[in-house]
Structures are given as structure tokens and as C-alpha cells.
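Below is one structure; the comments refer to it alone.
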Amino acid sequence: MNSRDKILSEIRSARQNPSLSATAFESINTAGEKAADKPPKNLPAMVQQFQKELQIVAGEFYLADTEAKAVDIIANCLKQEGFSRLMTSGTPGAERLAKRLNAAFTILSPPADQERKSYFADIPVALVDVDWAIAETGALVIHTRGAKSTFPYFLPQCLIALVRSSQLLADNQELFDTIEDKDAQNTMMITGPSRTADIEKILILGAHGPRRLLVIFMENE
Amino acid sequence: MNLRASSTRQYIRTALKNDNLRQAVNKATQTALQKRLAIVEQTPNWEDLRLRAHSIKQNVIEHLDEYLERFEKKCGENGIHVHWATDAEEARTIIKKIVRQNNVASIVKSKSLTTEEIHLNPFLTNLGVETLETDLGEYIVQLLDQTPSHLTAPALHLTRQDVGRIFQQKLGVDYTENPHELLQIARKKLRQKFLQADMGISGVNFAIASSGAFVVIENEANARLSMGLPRIHLAVMGIEKLIPTFQDLPLFLKLLPPSATGQKQTVYVNIIGGAQYDVLGEGPEQVHIVLLDNGRSKIAADVELRETLFCIRCGACLNVCPIYQQVGGHAYGWIYMGPIGATLIPQFLGLHEGRFAPFLSSLCGACHEICPMRIRIPHHLLKLRNQVVEAGFSKKGEKSVFKLWAFLAQHPVLYRLTTWLPGKIQIIYRRPFPAPGYWRKRALGLFDSRGFRRRFLDEQKQRKRRANIDQQHGMTT
């Protein structure tokens, strides 16, 4: 008998004894929140909640009603930090905005070759698109298999993410009820800049990932 | 450093003498508890969430074979290589084979208790493979050749001065006790390692049976980097980590981060459902997952104790435990510590090796109250205590005391006399009675001269009187 069969048969014999405190699983499970029971979406309230949650986790929230305004916010951040090079996620929204930036900045898109890792390793800032944002937690959700590269999301010191109003979902339940399993199985959720409190519980931003996260919320598509 | 659960008494004695340790543990656990409470108070249906999570885990454990087969099939469809390991040795052998076949020279690891359980780091280092922990706390304890002292905060027992000295000695940098500077030192050292590593190793927080994907949550981005940069990724997972579907994940994501670190959600939730290199041109070309039994299927056979497999390793029961707060994590002598550890130690290591663990509890019930999975930890500790005694591994002295008590309890006159006499003696001898062993560390009180029976009756009378007065004044309790 191989190990697989050994483990499974061990479990099958363990299953003979039903739990003493068996709860009616089905009844409790289906009593959970259902998407259909929820009130209709109130977008302004969701945006407000998203902003609040993002700020709680030390993320920065900017509202942009035009692309020109978004470009200004990005340029300001780059100037403030003294960055001259910017990498993008290579996705259409980020690419389009990056192109509108002043020629003083060098824009780098993900190269197709094997050297991508070292190519991106020292770039201090990235401009990225995301796939969804979650109002309840302030999280950004990225479908990694649909991305051009995942490196811009976690390698730089500073991450600037573009969120469109149509991408905003109420909570994680809505996310996993909405997206197909095959999309869910390659995703990454980012809630604020990376952090650690491993030394005396003192919170420090910027552990191995970004120390700054700016979200530019685009009201009009 | 190899800890032994059977040496726990020695560790406890050392820990109790260490005031720095107690201060550090107290500060850390209190912070975590306050932050947790703030979030729980904002979640009106917290109790419902606990109930639902408990019942989902119960369902999973009672149909574990079906869920595992389903998970294996789905992983196969996603191109994930699934390996089954009955014990730690088999898990290590599997990992060694993968390492050798792929000429792996360096590994970056993100925090995983399951890999600690199988002693993976020393094994890989002995194979000549550079294996680095990348979570800051784990990195620090690895430099010290220690194991974590808390399930989610590995270096909780160390002060910033300790960390400064460790970095100075082990990394050859100038001494600093500024946490920001210490983090920058570690980030710089490890960034290079992340870029060069051949393999990333992680644990698994949740595995999705219906989809063949696994979830790793974290705050530092070190798991993200170890999953996204090296050419091979390997995850080691206890077979109990399954949940049925992605639709169940939000519930567990709501319970785990508040209980662990007092966060609403961790910074990163990484979901991996296969290698992405073919599509992205980056990230792992191979993804392996080792399904580890190592005694779990035996635990599942006990209709009550199987509940200890519902644990999601949040560490909330450690933070709230009065015993853990006094002695810290290393005193338990194994990688799982605190109240839940005290239930796991005898079950994983055997009743003899783990004979002291179930007694490291005051049975106050705080661990059950706080557990997001509603595991009845005190109940299980009592059951395990019973098993230890039945197996003949309890202390002889303790046993004779209880035998004597049982005898007296069956003879009321004698019982009355023995509980009455010490009080009377202490009217003349007004010092605590000598109690070797117990005496040294604790203040022993004087016996009440009324004796137990008299005192109990007196207190009952008083209580009745108070209740009557309250009633007369129209107060109800």
C-alpha cells in the first residue's frame, strides 16, 4: 500500500465514529449571507468605506475625475520621492497614463525575456492596474494569470494603483461569489503597504514589499 | 536548538526567572488582544461566524478522505504535483528528491509551522542547501538557532536590543537598536537571496478542495516574493487545512487575521493554483504540494479530540492564556505551544513524551472563549489529562494525594476532621505549613480555623442573607 492509500484508509476507518457534537452542517452553512439578500449597491457609500479602510491600513487615497488629474497625482508622487524611473504592470490603463507623463521620467514596461527579475529589481516605483477592489477591507485584487507581470506589484518601494469605480465590490464574499474558480485560483490581494511588527510589536511599513501604497480612484471610466 | 516536551519543567523554571521575557510576552499579547477586540466589536455576527466556521471544519474533518481526493484531482488538473507523506521522515525524503532532481542550491522560506514540525531547515542545511527564513521574526530566531516562541510572532520573546546584538554578531553590521534600521538590514540581505533562490517553500493557511488551490496569508510580502520569484515552489500542508470551496474562504479570512494580529485583513492574501511560467514568463515553472499526515488521521479517529484539528493557528489562545503569559512559548517544549499546543503535544508526540503538556493550563476557559473555531480546548485538556493518568504517566506523589482525597471524601466524619484540624492547629502555629516543591515559588495561605464544612455553610448563610436584603430593597440580580 502506498502512502496515499495508507493515509486515506486511516481516515476512512477514523470516519466510522461520528462526532458527538455533530451540528447540522447544511442548515448552518446555507444560513450564511447570500448575495441575493443584500441591498442594492450604493456606490458613493462603498467608495467612502473603501477610502476609510484603505487609510486605516496606511494606504493613500486620491480621487481623480479625469485622466489628466490622475497623471498630476502620479507626477507629484514621483517628484516628492525623487524617482526618475517608473515601471508599469504593462496593462492598458497603466500604460496609457504612463505615456502621458512628462518626458523627464523613464517608463519601463515588463520585458518578455528571462531577465525580467533583475531588470525590475531596482525600480523604486510601479504604476499598476488592478482587477477588483474591496470596500469592506480596502483591498486590491489582482488576477495574476491575467497580468503581464506580477513583479511590479511587490518589488518596488512605492506602488501606485489605478482603481476604476466599476471594479469596486462590497466584500470578499461578493468577490468569490462573482469570479470564476479558475480566476480565483491565481489571485493576490493587497491591503495596504507591506509591514512587520516582529520587533517588540512596533509597526514598521515597508517590510519586503512596498512601504507606500497610493490608490488613484478613477470616478469616470 | 532542539526542544523536548518532556523537559518542560526545566524550561518553565528558566522562564519564570526571566523577567524580560515575561515583560516582552505581556506587552505583545496585550497589544494583540486589544486590537482583536476592536475588530470583533465591529463585527456584530462574530458568534455566528464562529459557529459556521466550526461546522464547516467539522464537515471537512468527517469527510476528509473525500475532500483530499477531490483536492488531489483538482491540483492535478492545475498542474500541481501532489505528494503524500505519512510522517515527517517521508516528507523530508520527498522534499530531498525534488531538491536533488532540480539541482536546487538555495531556498527562501516563508513562515510555516508545518515545516518546523518536520524539522525541515536543519535537514536541508545538512544536505548543503542554503535555506533562509525570510519572515523578519523567523529570520531573527533562525540566526539565533532557536525555534519560534509564538505561533504568529516568532521573535516575540526578544527585545530590540537583543535583535541589535544578534545582527551585529551574526551579520557583521554596526550595532543599532532602531527597529527601522534593523528591518532595512534584513530587507537588503534577503532581497538579494530572493532574486537568486532556486526554490521557495511555504506553508498553507487554507487549501480549496473544489479548486485545487492554496492560500497563504502574510504581511511582509516575503511569502509573495518566495512564491513569485524562484523557479520552483513547494508548499507543505497538514491534511487538515482543507476548506470545501472558494465561497467558504471569506468566512475564514474574516476570522483568522483579527484573531491572529488584530487586523481586519492581512496585507497579502496569496492564492496559488498552479505554475504560471507558461503564461506569464515568470514565477515558478513547477509547483509541488506535500500533504502531511504525521499523526493527524489518528487524531481524527477520536470523536472528541478530532476537534483539535479545526485549529487555524491564529495564536489567540496563546495571547489570552494566563499560563502562556507567564512562561512564553519555548517552555512548552515543542513548536505548537499555548493551550492548543498543550492538546497537540501529547497527541502528536505520544502520551509519555507529552505527559506534562495537558497540565500547563489553569482550565479557566479563556482559550475556548476566544478561539475563532470554537474548539473546546479545556474539555480536551481534561480528556488528555485523564489519558495521561490512565496510562500511568502521572506523578506518583500527585496520584497518592488524589487517592487520599478520594478516600476521605467517601468517609464524611474523617473528611470533616481532616479539614477542621489544620485550622485549629494554626491557631497556635501561625505560619504556613511546609509544602516542599510547591512552597518555594508560591505564597501559601493559612487554613481557616472553622474548617471547610463550617466555612462553606457560613458563606451560604451570608449569601442568603444578602439576597433577602436585596429583595427587601427591590433589587434583583
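Lettering follows sequence order; numbering is per chain, from 1. Source: prediction; values computed, not measured. All values below come from the heavy atoms of this structure, side chains included, with hydrogens, waters and symmetry mates left out.
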What part of A:Pro110 is in contact with chain B, defined as an atom under 4.5 angstrom from a non-hydrogen atom: side chain, backbone, both or neither? neither

Given the options B:Ile239, B:Leu225, B:Ile299, B:Asp302, which has more heavy-atom pairs under 4.5 Å with chain A than any of the others? B:Leu225

Portion of A:Ser118 that has a non-hydrogen atom of chain B nearer than 4.5 angstrom: neither

Looking at every heavy atom in both B:Phe214 and B:Met227, which two are closest together, and how far apart are they? CE1-CE, 3.9 Å

Which one, B:Glu72, B:Gln184, B:Lys27, leads in non-hydrogen pairs under 4.5 Å with chain A? B:Glu72

Can you tell me which portion of B:Ala24 sits under 4.5 Å from chain A's heavy atoms? Options are side chain, backbone, both or neither. neither

Quick one: of B:Gly274, B:Gly212, B:Pro250, B:Ala301, who has the most non-hydrogen atom pairs under 4.5 Å with chain A? B:Pro250

Proximal component of B:Leu68, with respect to chain A [non-hydrogen, under 4.5 Å]: side chain

Structural part of A:Lys182 lying under 4.5 Å from a heavy atom of chain B: neither

Hey, is B:Glu66 close enough to A:Arg15 for a salt bridge, meaning N to O under 4.0 Å? yes

All heavy atoms of A:Pro124 vs all of A:Pro156, minimum pair found to be O-CB, 3.4 Å

Under 4.5 Å from any heavy atom of chain B, what part of A:Ile190 do you find: side chain, backbone, both or neither? both

Under 4.5 Å from any heavy atom of chain A, what part of B:Asn78 do you find: side chain, backbone, both or neither? side chain

Residue from B:Asp135, B:Thr261, B:Leu183 scoring the most non-hydrogen pairs under 4.5 Å with chain A is B:Leu183

Is chain B contacted by the side chain of A:Ala139, its backbone, both, or neither, given a heavy-atom distance below 4.5 Å? side chain

Which atom of B:Ala153 lies closest to which atom of A:Asp198, heavy atoms considered: CA-OD1, 4.4 Å

For B:Glu138 and B:Asn222, run side chain to side chain donor-acceptor pair (under 3.5 Å): C-alpha distance rounded to whole Å, both residues' side-chain angles, the deciding distance at 0.1 Å, then the answer. CA-CA 11 Å; B:Glu138 286 270 356; B:Asn222 65 310; over 6 Å; no

Heavy-atom contact with chain A under 4.5 Å, split by part of B:His83: neither

Is it the backbone or the side chain of B:Asn294 that comes under 4.5 Å from a heavy atom of chain A, or both, or neither? neither

Proximity breakdown for A:Leu213 and chain B, heavy-atom pairs closer than 4.5 Å: neither

What option among B:Thr86, B:Leu249, B:Thr266 has the most heavy-atom pairs under 4.5 Å with chain A? B:Thr86

So, the part of B:Ala275 with a heavy atom under 4.5 Å from chain A: the answer is backbone

For the candidates A:Glu53, A:Arg4, A:Met188, A:Lys201, which exhibits the highest count of non-hydrogen atom pairs separated by less than 4.5 Å from chain B? A:Arg4

Give the minimum heavy-atom separation between A:Ile160 and A:Val125, together with the two atoms involved. CD1-CG2, 3.9 Å

Go through the steps to decide whether A:His143 and A:Ile179 satisfy the test side-chain contact (heavy atoms from CB on, under 4.5 Å), and finish with yes or no. CA-CA 10 Å; A:His143 174 219; A:Ile179 62 176; over 6 Å; no

Contacting moiety of A:Lys6, where chain B heavy atoms sit under 4.5 Å: side chain

Among B:Leu253, B:Leu182, B:Leu156, B:Leu229, which residue forms the greatest number of heavy-atom pairs with chain A at distances under 4.5 Å? B:Leu229

Note, B:Tyr67 side chain near B:Asn59 side chain (heavy atom, < 4.5 Å): yes

So A:Phe50 and A:Phe217, would you call those rings parallel, tilted or perpendicular, with 30° and 60° as cut-offs? tilted

In terms of side-chain geometry, is the basic nitrogen of B:Lys264 or A:Glu136 positioned less than 4.0 Å from the acidic oxygen of its partner? no

A side-chain contact here means heavy atoms from C-beta on lying under 4.5 Å apart; do B:Arg52 and B:Lys254 qualify? no

Is B:Glu218 salt-bridged to B:Arg224, cutoff N-O under 4.0 Å? no

Check whether B:Leu190 gets within reach of chain A through its side chain, its backbone, both or neither, counting any heavy atom under 4.5 Å. side chain

How close do A:Ser89 and A:Ala94 get, counting heavy atoms only, and between which atoms? OG-CB, 3.8 Å

Chain A heavy atoms under 4.5 Å from B:Arg191: which part of the residue, side chain, backbone, both or neither? side chain

Given a strict heavy-atom distance threshold of 4.5 Å, which part of B:Ser210 is in contact with chain A: side chain, backbone, both, or neither? both

Proximal component of B:Tyr277, with respect to chain A [non-hydrogen, under 4.5 Å]: side chain

At their closest point, which heavy atom of B:Pro179 faces which heavy atom of A:Ile202, and how far apart are they? CG-CD1, 3.8 Å

